[in-house]
Amino acid sequence: MSTTRSISAEGSQVTEEYPVRPARANPPGIAGRILAWFSGAAAAALVLLALVLLGAVVVTALDDRPGPLAGTVIVHVLAALVTVVLQRFADRYPGRVRVLCSWAVLVIFVVVLALYWWF
């Protein structure tokens, strides 16, 4: 779908065509919004866990005590970054992109919790 716009300047006429984004035909349903909300909460939780681990590294380094392992901190920071990017996609794009990104965030969240906090 495109729209034409005419501009007249001193006897000459210029015609431009530019795309117009149509209104969203089908807004996301309640299930999609709930899924995106839960994945947003999971992404925020991973960010908080990464910040807590970074704080623990600083505190234990200042007291010369053993702290979290570097691999654990790196995995948490990377997981937090990836889930934030995926959540941005889930918030901005409707349909399958929203669902797939939301599920990916939830899967990463469960994997990180299972590997580093539960077992």
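All values reported here derive from a predicted model rather than from experimental measurement.
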Linking I/L/V/M/F/W/Y whenever their side-chain heavy atoms sit closer than 4.5 Å, directly or via other members, would [X] and [Y] fall into one cluster?
| X | Y | answer |
| --- | --- | --- |
| L86 | V111 | yes |
| V107 | L46 | yes |
| V82 | V73 | no |
| V57 | L81 | yes |
| V75 | V52 | no |

Contact summary for Y116 and G71, nearest pair of heavy atoms: OH-O, 4.5 Å
Give the minimum heavy-atom separation between W117 and L49, together with the two atoms involved. CZ2-CD2, 3.7 Å
For T83 and F109, what are the C-alpha separation, side-chain angles and deciding distance, and is it a side-chain contact (heavy atoms from CB on, under 4.5 Å)? CA-CA 8 Å; T83 55; F109 178 71; 5.8 Å; no
So does [Y] get a backbone contact from the side chain of [X], meaning a donor-acceptor N/O pair under 3.5 Å?
| X | Y | value |
| --- | --- | --- |
| R98 | A90 | yes |
| Q87 | A43 | no |
| S102 | V99 | no |

To the closest 0.5 Å, what do you measure between CD1 (I108) and CG (L113)?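 Reported to 0.5 Å precision, the distance equals 12.0 Å.
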Step by step, work out the side-chain contact (heavy atoms from CB on, under 4.5 Å) result for L35 and W103. CA-CA 8 Å; L35 180 63; W103 278 111; 3.5 Å; yes
Answer whether the closest heavy-atom distance between the side chains of [X] and [Y] falls below 4.5 Å.
| X | Y | value |
| --- | --- | --- |
| V77 | L53 | no |
| V84 | V105 | no |
| V58 | L62 | yes |
| P68 | T60 | yes |

Begin from the C-alpha positions of R65 and V59 and carry the test side-chain contact (heavy atoms from CB on, under 4.5 Å) through to its verdict. CA-CA 9 Å; R65 293 183 301 184; V59 168; 4.0 Å; yes
